[in-house]
**Student:** 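So that we are looking at the same thing, I have put the structure below in structure tokens.
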There are 2 protein chains.
Amino acid sequence: MELRHFRSLTALVDHGFSVSRAAKHLHLVQPAVSQHIKQLESEIGARLFVRQGKRLTGLTDDGQQILHYARQALSLGDSILAVGRDHAEERSGVLRIATTHTQACYVLPPVIRQFVTTYPEVNLQINQGTPGELVEAAVNDAVDLAICTEALSEHAALEAIPCYRWNRCVIAPPNHPILRKQKLTLDALCDYPLITYVFGFTGRGNFSDTFAHAGVSPNVVLSAADTDVIKTYVREGLGIGIIARLAYQPGRDDDLGMRDLSHLFPWEITKVAYVRSKYLRKFARHFIDIFRAETGGGDADRVIEPCRPRRADEVAGD
Amino acid sequence: MELRHFRSLTALVDHGFSVSRAAKHLHLVQPAVSQHIKQLESEIGARLFVRQGKRLTGLTDDGQQILHYARQALSLGDSILAVGRDHAEERSGVLRIATTHTQACYVLPPVIRQFVTTYPEVNLQINQGTPGELVEAAVNDAVDLAICTEALSEHAALEAIPCYRWNRCVIAPPNHPILRKQKLTLDALCDYPLITYVFGFTGRGNFSDTFAHAGVSPNVVLSAADTDVIKTYVREGLGIGIIARLAYQPGRDDDLGMRDLSHLFPWEITKVAYVRSKYLRKFARHFIDIFRAETGGGDADRVIEPCRPRRADEVAGD
DNA sequence: AGAATTTACGCGGTCCGTAACCATG
DNA sequence: CATGGTTACGGACCGCGTAAATTCT
């Protein structure tokens with residue numbers, strides 16, 4: 001059993017169980033990967049694929065199990081090569097990041113700017129997705145870093161580094177009564193139609209829990225995956241928006257009134273996560289440092305606050 | 001890069017950096033493993049070994065790092081083979097367990113008895129060691145399961161399954177005043193010379209903390225790694241012993257008086273742990289079930305109490 | 001000088017590629 | 001019959017073993 005068998009196995013499932021396509025992807029011919037599978041199955045002593053005649057259609061339970069191990073082993077091989085590259089070409093390579101809309105638009109830009117100037121040789125790839133997709137992508141080694149507020153701490157394979165904390169604000173058209181109210185309470189928010197994030201996004205869990213815990217029910221008339229949609233409909237007069245405070249941009253959003261809500265909701269903690277067992281290139285670790293410094297450090301009026309650094313075992317218990 | 005390179009790498013460090021001995025162990029000749037190392041270093045682009053002339057003397061920092069990944073990859077290979085064996089010969093194989101003296105003597109015997117009768121074909125190997133050694137052995141894939149009360153939950157690579165909880169008792173010669181005292185308090189225990197476990201063993205951490213927290217200092221005249229030594233010196237009249245209640249055996253220890261101390265100390269939780277990323281043979285998982293059932297279930301007068309099953313993510317936060 | 005590792009070289013196995021054969025839609 | 005997979009077979013490569021050269025103890 002050698003890594004080449006694992007390469008054929010993973011290529012096969014990654015290309016719709018087509019031996020020929022997998023072979024092409026591996027720069028081999030069909031019979032070669034056929035043989036790899038055959039050898040694997042004979043050495044293991046169990047069928048890995050379900051077959052319809054000669055055609056492979058899916059994985060057996062064992063195959064599923066084994067695929068998982070094979071992927072990990074290959075990933076470790078990549079880690080080993082990565083260690084080497086950190087020697088040969090410390091300042092060049094690829095950094096793949098997955099994050100959510102809010103992070104990508106409002107938090108990452110200055111970080112990216114600083115990173116690309118210090119590492120002009122690094123090919124930076126940013127993917128956008130839902131928190132669930134980020135976790136998926138990270139554990140499948142489709143990206144190196146995942147950045148968001150939800151879901152990252154749940155997965156045992158991920159190391160999640162807390163970077164900064166943030167809270168919410170309400171935005172409304174300039175003359176909206178909510179902006180003049182003396183005491184801004186949850187009840188007050190419930191008096192108006194609300195626009196905020198969909199479930200699974202940007203702290204929506206804590207948002208709903210807070211109302212539920214207070215025994216009041218907000219009237220959410222629109223849920224959006226990203227802040228721009230919320231702003232748009234607030235400008236349309238559909239309701240008042242509750243967004244991450246850091247997504248309110250003075251200058252750009254001066255046509256909207258804004259009031260802080262951090263006294264009403266729990267703080268959210270945005271984290272950057274990576275799979276524990278993988279080697280992170282030096283520049284990837286540096287990216288995390290830059291991210292923490294940039295978000296934790298300056299720009300106080302965006303209410304990005306630094307967050308106490310924590311040790312790994314604390315993070316695990318989140 | 002193939003698994004064979006990793007095999008040579010690990011064999012080399014496991015045999016004192018002697019290429020010839022490593023080769024012998026791999027059923028190869030010296031030049032073969034020399035070549036493996038050469039190929040590895042060339043593909044990675046960094047030296048893995050520090051050399052004195054032609055002789056290898058140790059690992060570079062990178063080598064250390066890479067060794068770690070290589071070991072994991074090989075371990076995954078073993079897991080893949082293990083999946084297969086669970087098909088071919090479900091009821092035969094090897095189960096390697098590491099545990100402490102207390103568990104081995106007082107808790108495991110009935111579990112072992114049941115296991116070997118249900119799996120007579122399984123080669124059961126039990127190693128004894130300190131809690132630190134158990135963790136070491138588990139993460140290095142030297143054993144399959146580690147059973148003890150300390151240290152297991154700390155290591156991120158280990159999944160620790162809580163199995164039962166226990167507390168302490170005091171043992172003393174028959175006419176000792178401690179046995180007649182109305183209220184058994186920490187202060188009362190401090191009035192006499194104490195014999196108990198050494199640090200890092202059988203809940204000694206919580207033991208000391210409890211006294212420290214109460215602001216009293218016990219007079220520990222002897223610390224032993226196992227219960228039998230403690231009993232011996234209690235019989236000698238050197239002092240009173242504080243041991244795990246489950247280590248007091250009615251019948252065998254009737255010449256010693258015993259009183260329960262569970263109102264004074266926190267409960268300890270004994271766990272069985274294994275490395276998360278590894279495949280556990282079916283009989284290994286069954287062993288855990290037997291262990292939990294046997295300890296959680298019957299024999300109430302040994303005060304082995306069942307412990308609420310917990311989900312993996314709870315355990316991780318311990 | 002002796003033990004151990006590297007280098008050099010040749011053989012044997014095996015890994016892959018070509019080609020023919022077979023199953024399926 | 002076209003597409004895709006397996007079987008069969010041959011060649012090239014390379015991985016391993018033997019033997020000589022080299023270096024450190």
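Every value quoted in this text rests on a predicted model; they were computed, and no experiment measured them.
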**Student:** Respond yes when some side-chain nitrogen or oxygen of B:Ser34 is under 4.0 Å from OP1 or OP2 of C:dT5, and no when none is.
**Tutor:** no
**Student:** Any non-hydrogen side-chain atom of A:Val275 less than 4.5 Å from a side-chain atom of A:Leu158?
**Tutor:** yes
**Student:** Return the value, rounded to whole Å, for the distance between atom CD of B:Gln35 and atom P of D:dT18.
**Tutor:** 15 Å
**Student:** Tell me: CG of B:Leu12 to C1' of C:dT6, nearest whole Å?
**Tutor:** 14 Å
**Student:** Using a heavy-atom cut-off of 4.0 Å across all strands, would you classify A:Gln39 as base, sugar-phosphate, or nothing?
**Tutor:** sugar-phosphate
**Student:** Between the side chains of B:Glu2 and B:Arg7, is the shortest nitrogen-to-carboxylate-oxygen separation below 4.0 Å, so that they form an ion pair?
**Tutor:** no
**Student:** Rounded to whole angstrom units, what separation is found between the CG atom of A:Leu56 and the C1' atom of C:dT24?
**Tutor:** 14 Å
**Student:** Nearest of D:dG15, C:dC16, D:dG5 to any side-chain atom of A:Val19?
**Tutor:** D:dG5
**Student:** Looking only at side-chain atoms of A:Lys54, point me to the closest of C:dC22, C:dT5, D:dC16.
**Tutor:** C:dC22
**Student:** Indicate yes or no: does B:Asp78 engage B:Lys278 in a salt bridge with an N to O separation below 4.0 Å.
**Tutor:** no
**Student:** For A:His36 and A:Gln52, take the nucleotide of DNA chain C holding the closest heavy atom to each; which residue's nucleotide lies nearer the 5' end?
**Tutor:** A:His36
**Student:** Please report the distance, rounded to the nearest Å, between NE2 in B:His5 and C1' in D:dC14.
**Tutor:** 11 Å
**Student:** Which is more 5' along DNA chain C, the nucleotide nearest A:Ala32 or the one nearest B:Arg51? Just name the residue.
**Tutor:** B:Arg51
**Student:** In this structure, how many angstroms lie between the P atom of C:dT6 and the CZ atom of B:Arg47, rounded?
**Tutor:** 9 Å
**Student:** Is the NZ or CZ atom of B:Arg285 both under 6.0 Å from the centre of the six-membered ring of B:Tyr279 and within 45° of that ring's axis?
**Tutor:** yes
**Student:** A:Pro31 or A:Arg55: which one's nearest nucleotide on DNA chain D is closer to the 5' end?
**Tutor:** A:Arg55
**Student:** Check the distance between C:dT5's P and B:Lys24's NZ and give it to me in whole angstrom.
**Tutor:** 11 Å
**Student:** At under 4.0 Å, does any side-chain N or O of B:Ser20 touch on OP1 or OP2 of C:dT5?
**Tutor:** yes
